[in-house]
Protein chains: 2
Amino acid sequence: MPQEIGESAPEPSHRGQPNDIYRILRDRICLLHYPPGYKLAESELAEEFSVSRTPIRQALQRLEYDGLTEIRNGVGTTVRQVDRAAFDDIFALRLRLSELIGEFPAYDEVPLALATVDGLLRPAKQAKADNNKADFWRLNHQLQEATSKLIANHALRDTHERYYLQACRIWYSVIDDLFEAQSSDFIVEVTDIGRALQHGDVRAVGYIQRNHISYGMRRIVELSKRHPAPT
Amino acid sequence: MPQEIGESAPEPSHRGQPNDIYRILRDRICLLHYPPGYKLAESELAEEFSVSRTPIRQALQRLEYDGLTEIRNGVGTTVRQVDRAAFDDIFALRLRLSELIGEFPAYDEVPLALATVDGLLRPAKQAKADNNKADFWRLNHQLQEATSKLIANHALRDTHERYYLQACRIWYSVIDDLFEAQSSDFIVEVTDIGRALQHGDVRAVGYIQRNHISYGMRRIVELSKRHPAPT
DNA sequence: AAAGTTTGTGCTGTGTACAGCTCTGGACAA
DNA sequence: TTGTCCAGAGCTGTACACAGCACAAACTTT
């Protein structure tokens with residue numbers, strides 16, 4: 001049963017309801033609060049957000065279009081399992097997209113990004129020490145958000161975010177084995193990106209991100225070799 | 001008032017109604033049958049497709065999410081004008097995406113693509129001779145569809161299609177001035193891609209496409225220099 | 001005559017009822 | 001005991017009614 005994860009409260013009186021609901025649900029999926037296979041019942045969500053099924057359906061359909069959920073008639077909406085083929089495709093593309101960041105640098109955003117990234121280092125170490133996966137996801141999210149803003153090309157930025165959201169679900173099945181490695185890696189990544197930003201080198205940020213995406217991908221490949229029959 | 005454009009008839013009994021409606025409307029927008037600024041009234045469409053407003057709304061919301069339309073409360077759904085900044089971003093990204101095609105070649109699809117592309121040459125020349133813009137768009141669409149299938153990476157293919165759909169609307173405002181150049185260019189592109197496919201060189205297909213996207217982009221830039229105040 | 005206000009029209013946003021589909025569990029027959 | 005079939009529950013898909021909002025035209029006031 002999901003609990004508060006730092007999202008804005010589901011105020012019933014707010015205007016852009018469907019959009020807000022979409023974002024909240026998306027974050028829950030990507031923060032693995034709703035694990036793959038989790039069933040999202042329209043009526044339950046309608047009750048939680050104190051609206052009718054209609055705005056809920058809008059949000060769920062958008063999630064399906066994002067590739068995050070799967071809606072089957074007569075069954076319900078479930079969080080999609082990422083199959084390995086799709087996973088490989090998405091990671092391969094993310095590598096290339098990160099390499100493109102340097103082609104469209106938004107230097108205006110560097111100071112803000114630097115401040116954000118600097119603020120991530122201490123909590124990241126804390127989350128690693130505490131073995132706190134939820135916090136770790138949130139920090140990952142924040143880093144992603146900060147680097148996205150460094151992309152001046154709006155189309156690339158959208159795509160970059162889109163596939164980040166799709167990719168992060170893959171970690172659900174492997175995080176128990178890889179948390180140690182990934183959290184260490186994250187600290188290195190934050191440090192390196194901070195250094196790059198101090199130099200104002202957005203292209204470097206992209207390459208650093210590319211490398212760490214690659215490292216994560218390789219870890220997953222290694223792990224699935226050791227466990228050849230993933231449940 | 002839109003008329004048949006080769007789409008499958010709006011059979012009322014069909015199953016995946018919202019998805020079909022979405023695709024039909026999307027094609028109408030991208031084939032410029034619905035020009036930028038065109039107003040899509042839910043009730044009208046509901047009548048045309050013989051369904052209630054509900055499935056129509058689903059399709060329209062998806063179109064908005066694609067960036068093709070704009071929904072404003074109390075006003076209606078209109079086909080979005082592409083502003084130049086977004087246009088530049090999309091074209092710049094499309095150049096890079098086309099360059100990536102060769103990294104993920106789907107050689108299995110080469111024979112089918114070759115057959116399709118070969119079949120495009122004659123109608124393309126015909127459309128150019130007839131100054132038939134509608135046919136020209138359709139052929140453009142078919143070439144895009146054929147080359148998309150050459151991309152083995154599903155994520156890249158989706159993105160590639162996505163931004164093609166967004167980009168093609170820009171031609172609406174400039175096609176009268178550029179039809180001659182673009183249709184000539186298209187014939188060259190079809191010829192070159194056919195040659196590349198005969199060699200089984202998918203990477204070459206990507207580069208050819210990249211180049212012609214670039215040519216088109218430059219033509220638009222040139223044109224907007226000559227007409228510095230576009231209405 | 002001009003400016004501000006009001007009212008009317010038409011649109012989308014939301015809520016609700018019902019139809020259609022899928023799966024599950026139990027009863028019956030082999 | 002096991003396989004099969006059927007009925008019921010629960011879900012989403014659709015249709016429709018009503019509320020909220022935006023714009024425009026007409027009206028009133030100055």
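Order of the sequence lines fixes the chain letters, A, B, ..., with proteins taken first and strands second; residue numbering starts at 1 for each chain.
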Tell me: [atom1] of [X] to [atom2] of [N], nearest whole Å?
{"X": "A:I56", "N": "C:dT16", "atom1": "CD1", "atom2": "C1'", "answer": "15 Å"}
{"X": "B:Q61", "N": "C:dT14", "atom1": "CD", "atom2": "P", "answer": "9 Å"}
{"X": "B:F49", "N": "D:dA15", "atom1": "CZ", "atom2": "P", "answer": "13 Å"}
{"X": "B:N73", "N": "D:dA22", "atom1": "CG", "atom2": "P", "answer": "6 Å"}
{"X": "A:I71", "N": "C:dT22", "atom1": "CD1", "atom2": "P", "answer": "15 Å"}
{"X": "A:E70", "N": "C:dT22", "atom1": "CD", "atom2": "C1'", "answer": "14 Å"}
{"X": "B:E44", "N": "C:dG10", "atom1": "CD", "atom2": "C1'", "answer": "12 Å"}
{"X": "B:L60", "N": "C:dC11", "atom1": "CG", "atom2": "P", "answer": "13 Å"}

Spell out, as yes or no, whether a donor-acceptor pair under 3.5 Å connects the side chain of [X] to the backbone of [Y].
{"X": "A:D130", "Y": "A:N132", "value": "no"}
{"X": "B:S214", "Y": "B:R210", "value": "no"}
{"X": "A:D89", "Y": "B:H154", "value": "yes"}

(request) Answer yes or no: are there more than 12 heavy-atom neighbours, outside B:R218 itself, under 6.0 Å from its atom CZ? (result)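 No - once you tally the heavy atoms of other residues, nucleotides and ligands closer than 6.0 Å, there are 12 at most.
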
For the side chain of [X], counting heavy atoms from C-beta on, which of [options] is nearest?
{"X": "A:R53", "options": "D:dC21, D:dT12, C:dT14", "answer": "D:dT12"}
{"X": "A:K39", "options": "D:dC11, C:dT14, D:dA15", "answer": "D:dC11"}
{"X": "A:S52", "options": "D:dC21, C:dG15, D:dT12", "answer": "C:dG15"}
{"X": "A:Q17", "options": "C:dT14, D:dC21, C:dC23", "answer": "C:dT14"}
{"X": "B:E42", "options": "D:dA15, C:dT12, C:dG20", "answer": "C:dT12"}
{"X": "B:T54", "options": "C:dT16, C:dC21, D:dA15", "answer": "D:dA15"}
{"X": "B:V75", "options": "D:dA15, C:dT12, D:dC23", "answer": "D:dC23"}
{"X": "A:P55", "options": "D:dG20, C:dG15, D:dT14", "answer": "C:dG15"}

(request) Would you classify B:E64 as touching base, sugar-phosphate or nothing, given that sugar-phosphate means primed atoms plus P, OP1 and OP2, and contacts are heavy atoms under 4.0 Å? (result)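 Result for B:E64 = nothing.
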
(message) Both conditions, 6.0 Å and 45 degrees, for the charged tip of A:R94 above the ring of A:F91: are they met here?
(response)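 Flagged: A:R94 positioned over aromatic ring of A:F91.
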
